[in-house]
Every structure is written in C-alpha cells, then in structure tokens.
2 protein chains.
Amino acid sequence: MGDGQKTKRGQGDRLAQICTAIRRAILDRALRPGDRLPEDTLGERFGASRTIARHALGQLAAEGLVDLRRNRMAVVAIPSLDEARDIFDLRVVLERQVVLNLAGRLTAQQMRQLQALVDAEHKARHGEDGMSIRLATEFHVKLAEMTGKSILIRYVTEICYRAGLALSAFGRPHSSDCAVSEHLDLIEAIRTGPPEKAADLMEAHLEAVAGRALLHAADARNRDLMEILAPYAEPG
Amino acid sequence: MGDGQKTKRGQGDRLAQICTAIRRAILDRALRPGDRLPEDTLGERFGASRTIARHALGQLAAEGLVDLRRNRMAVVAIPSLDEARDIFDLRVVLERQVVLNLAGRLTAQQMRQLQALVDAEHKARHGEDGMSIRLATEFHVKLAEMTGKSILIRYVTEICYRAGLALSAFGRPHSSDCAVSEHLDLIEAIRTGPPEKAADLMEAHLEAVAGRALLHAADARNRDLMEILAPYAEPG
DNA sequence: TCGGCATCAATTGCATGCACTTTTCTTGCG
DNA sequence: CGCAAGAAAAGTGCATGCAATTGATGCCGA
C-alpha cells in the first residue's frame, strides 16, 4: 500500500470527485455562469478519461448546474432571473419542511454541529467574500441532512447549490448573502420555538437572502436584451 | 429520406429514449423493484452501445429510480416503506405548490387538456389495472407543467415517478390508486376555488392515494427480516 | 476596411476493446 | 443428497480510437 500516486488509490469514484469539485467551485464562485467545461480538460485534471468527465457533466446537468447542448461544449448553467426567483421560491417551501421536521427535536450533538458550522462562517467572514456562500450552503445542507429523509436531503441540497449559482449570477460581490446572526437565530428557533414559528423564521431568512441578491438584480446586469432596448424602441 | 431503419434517424437522443422507456415501464409495472437492468441488454434493445445505456442508468439513478452499486448490475430501485412515506409527504408539499400557483388561473385550453387526460383515465379504467398509475401520473405531471416553473416541474415529475415506483412496490395490484373522480374535483377546485382550498383538496387526494397504498403495506410484504422474526425471538 | 467563404484545429458523440469483478454453473467431496 | 470450492460465463469500469460537428482563422473580393 501507500503506492505511488494515482493508479489504485481513490480509484473508487473519480466521477463523484469531479462532481463535487465542480459543485464546490461553483459555490466558491471560482466557476461562474457560462464558464466552459471541456471534457478533456476535466478528465485530465482529475486523472480520468473523457468518458468519466462526460458522465460527471451529465450528472451535473441533471442537477441543473451545467448546461449541456448537443455537440457544444458544456458550460456552467446560466440561470435566468425568473429561474432564480423560482429556485428561491421553492427553496423556501422545501426548507420550511426541513425546519418543521426538526423543530424541537435537535439533539445536543446536532446543536454542536450546527454551532460549529456557524462559527466557521463567522471566522470566514473576515476573509474574502467568496467562501461565504459555500459555508452558508453547508449550514443549510446540514440542516436538511438532520431530517434523515433522503428525498428531502437530495432536493434541498440540489436547490441550495442552484441557489448559490443564482447568487453568483445576480448577487452583488460584496453583499453579505447569509447573515451569520440569522443562522444563529435559526438554530435557537429550531431548538426551542414552536415549529411554525421556526419555519416562518427560515422563510424570512431565505426571503431576506433572495431579496438582498435578486431584488434589484435586473438593474445591475443580465437583463434581457429586449428589456434593455424597450425604452429606446419608441419612434422619434 | 425515409431511409431504412436505424442509422441516421432518431440518432438525436437515444439516451433520453432509454430513460423515458424505463420510466414508463416502471409506471406500467412492467419493470418492478429489483428487476435487473444489464447495460448490454439495454443498449442492444435500443440500438446503442453500452456507453449510452450506462449513461442512461446514471441519469435514472440520479432520479432515484435505479439502484447502482459498483461492479454490480443495475436494478430498478427498491424503495423502503419509510422512503415511500417520505416521498409521499414531500409530494404533498410540492403539489400543494403547484395548485397554489395554478388556482384561478387555468385557461380554457388548459382546462381542455386536463379534461382530456381524465377522460383517458376513465376509459383505461375498464382495461387492466397496470396503466392506471401511468395515466394518473401524467395528470399530475401535466398540472406541474402548467406552472411553467422548470424547477417545480422537474421535482414534481421526478417525485411522481418515484411515487409510482413506491406504489408498485407496496400498493395492492387491484387498488384503484388514483380515483378518477378525485381528479375531476381537483380540476374544478383549481378553476374556481380559493387557492388554499384547492391546495387542501390536492393534499387530501394525495393522502388518500398514499393511505390506500401504504397504510397496511407493512402487513402485506416487504417487511424487514428483523421485524418478521421478532415474535419468534422470545425464549421458549 | 469590411463582409463572406473555405480551411483547419478543437471538441464532442459513440462504439469497441481489455482488465477486472461478480455471478452462475459444475464438479467433486463429505 | 447437500454443499462447498473452483472454473466458466456474464457483466461492469474505463480508456482509447475514429467519425462528425463546431468555432476559429485566414484569405479573398468588393
């Protein structure tokens, strides 16, 4: 064992490896909407052949993180503003469910885990902005995982990543996307509060995030060309 | 044009073709939980190589319809009773959203489309039971599509298929899984009623379906071995 | 200088081949 | 007669090769 460097080690799942790497890169804004993802490059980077990279891109496309058009190079998905809104709308619904499932049932150990994640967020707050989306997402995903319901976990995880992508597309770079204190309040509400109240807090939290990021997004960028030109289309 | 039979025609997407074929087969109960899905056979059946079949299986696994374990043959997923319950729980939440989106906004044409689907269900009612799940599912999926929200559409579609699989695993063969009249009531409620009321009706409808199928499922089959043997474990 | 067109490098789509793993069948033994 | 060990068959995991498509480059005429 402890052999050289590549041939037999993580052999297990380079596919999953590629997927998670790309997901993380998207949350970190290292990959931004529209960025190209050539199969060769991907495969080469991870010591796999195009076959694997291709398969990974297929999975990511199924998750809505990658756009895959025939005979064209794969690109990181470019969410429209409407899609972004729909994503956050549904995210609210799903995460409300998470909170309803969890309210009043957190074990001490789970509390500790969540606390640790929030601490990490707090520390990273002093660093660059890029990591904040990822850490915030990890918090929300961990919450979902605590429900133990695999379907809910999968959907929440997926939609959190897509929301992160939307934030990357529309959020202002320096906006504090997920206020750390809000996560703390959330934990407290889930631990003590009545389920409905905790769920409402989650809803408010997510609305706040979406609001901060998307409210005036149309002013800032990515507007449809039609929309941009509309005012200029009047005769005279 | 009008060439022979295979080489250049549907070339476009044999992958999607395989996926939809398997999905339909699952809803029709032609494929049942645990059925084997060898790559070769699949590819051969659809005039594609294993590469494509493999990719298709990957997609279906991502949707939760197929179980994919390393070096083992793919099988149609075998939902546990808990999973089945979680699926229906989340399905209720998602389809409530669909109804809330649609309530009071159906166009005349949309009404006609839904009516047509219910008619088809009514006709098939006289035929064998197998088709009823698929037609009922098509009704629910069509409703989701009418929201125009791609994320909602994707999740509802997926969860409907998984629910169909759960029904296939636990539902009694002769149970009328989706009462046709309930779908009619649903349409009416969505057209006229206040959103919340329509959503409640959808919830009641789905609870009824799940209840009919899953309530006593544990009595009928698929019990855990531990559970089965528990009464016999007493000493003496 | 600019737009259209041919050529070419880069890239995807897919099948096939080979190594390895699992499953099934067979055969010999208790 | 059952059953376990081993051999053969079937199947998966993955890389690579080749044809087809695309996007870019450069050329030429206006």
Side-chain angles (χ1 to χ4, degrees), chain A residues 1 3-22 25 31-78, chain B residues 1 3-22 25 31-78:
Chain A
M1 58 273 281
D3 74 281
Q5 50 227 28
K6 56 158 181 280
T7 26
K8 272 278 174 256
R9 205 212 24 147
Q11 179 74 267
D13 234 349
R14 282 168 304 175
L15 190 150
Q17 200 178 325
I18 295 178
C19 285
T20 55
I22 291 180
L31 282 176
R32 300 183 54 90
D35 282 357
R36 300 170 163 230
L37 301 167
E39 296 174 358
D40 305 353
T41 313
L42 245 50
E44 192 179 343
R45 175 64 190 76
F46 290 91
S49 78
R50 286 201 305 121
T51 307
I52 306 296
R54 183 183 185 70
H55 205 100
L57 288 171
Q59 299 292 312
L60 293 167
E63 294 169 21
L65 293 179
V66 162
D67 269 3
L68 216 48
R69 275 150 59 211
R70 190 176 183 80
N71 281 321
R72 278 184 178 62
M73 213 172 352
V75 296
V76 176
I78 307 174
Chain B
M1 54 277 281
D3 73 280
Q5 50 226 32
K6 56 161 181 283
T7 27
K8 270 284 173 247
R9 207 214 20 153
Q11 177 77 270
D13 235 348
R14 281 168 303 176
L15 190 149
Q17 200 179 324
I18 294 178
C19 285
T20 56
I22 291 180
L31 282 176
R32 299 182 55 90
D35 282 357
R36 303 172 157 218
L37 301 167
E39 296 174 357
D40 307 354
T41 314
L42 245 51
E44 192 179 345
R45 175 65 189 76
F46 291 92
S49 79
R50 285 202 305 121
T51 308
I52 306 296
R54 183 182 184 70
H55 204 100
L57 287 171
Q59 299 291 312
L60 293 166
E63 295 169 20
L65 293 179
V66 162
D67 268 4
L68 215 48
R69 275 151 58 211
R70 189 175 185 83
N71 280 322
R72 279 184 173 66
M73 210 160 24
V75 296
V76 175
I78 306 174

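All heavy atoms count here, side chains included; hydrogens, waters and symmetry mates do not. To find a chain, count down the sequence lines: A is the first, B the second, and so on, and within it residues start at 1.
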A/Ala25: what forms a side chain to side chain contact (heavy atoms under 4.5 Å, CB included) with it, not counting sequence neighbours? A/Ala30, A/Leu31

What's the CE-P distance between B/Met73 and D/dG13, to the nearest Å? 12 Å

Which ones in residues 38-65 of chain A lie close to DNA chain C, meaning a heavy atom under 4.0 Å from one of its atoms? A/Pro38, A/Glu39, A/Asp40, A/Arg50, A/Arg54

Residue pairs involving residues 55-68 of chain A (criterion side-chain hydrogen bond (donor to acceptor under 3.5 Å, both in side chains); sequence neighbours excluded): A/Arg23-A/Glu63

In whole Å, I'd like the distance from the CD atom of A/Gln17 to the P atom of D/dC14. 12 Å

It should be established whether A/Arg69 places a side-chain nitrogen or oxygen under 4.0 Å from OP1 or OP2 of nucleotide C/dT12. no

State which residues pass side chain to side chain contact (heavy atoms under 4.5 Å, CB included) with A/Ala56; sequence neighbours excluded, sorted by chain then number. A/Leu15, A/Ile18, A/Cys19

A/Arg36 near the nucleic acid: base, sugar-phosphate alone, or nothing, with a heavy-atom cut-off under 4.0 Å? nothing

From CZ of A/Arg70 over to C1' of D/dA20, roughly how many Å is that when rounded to an integer? 10 Å

Listed pairs under 3.5 Å, donor-acceptor, residues 47-54 of chain A side chains, sequence neighbours left out:
from	atom 1	to	atom 2	distance (Å)
A/Ser49	OG	A/Thr51	N	3.2
A/Ser49	OG	A/Thr51	OG1	3.4
A/Arg50	NH1	A/Glu39	OE1	2.7
A/Arg54	NH1	A/Glu39	OE2	2.5

Please report the distance, rounded to the nearest Å, between CG in B/Asn71 and P in C/dT22. 5 Å

Please report, rounded to the nearest Å, how far the P atom of D/dT22 is from the CG atom of A/Leu68. 15 Å

When rounded to whole Å, the CG to P distance for the pair A/Asp13 and D/dT12 reads 16 Å

Minimum side-chain heavy-atom gap B/Leu37-B/Leu60 below 4.5 Å: no

Would you please name every residue forming a salt bridge (charged side-chain N to carboxylate O under 4.0 Å, His left out) with A/Asp35, sequence neighbours left out? none

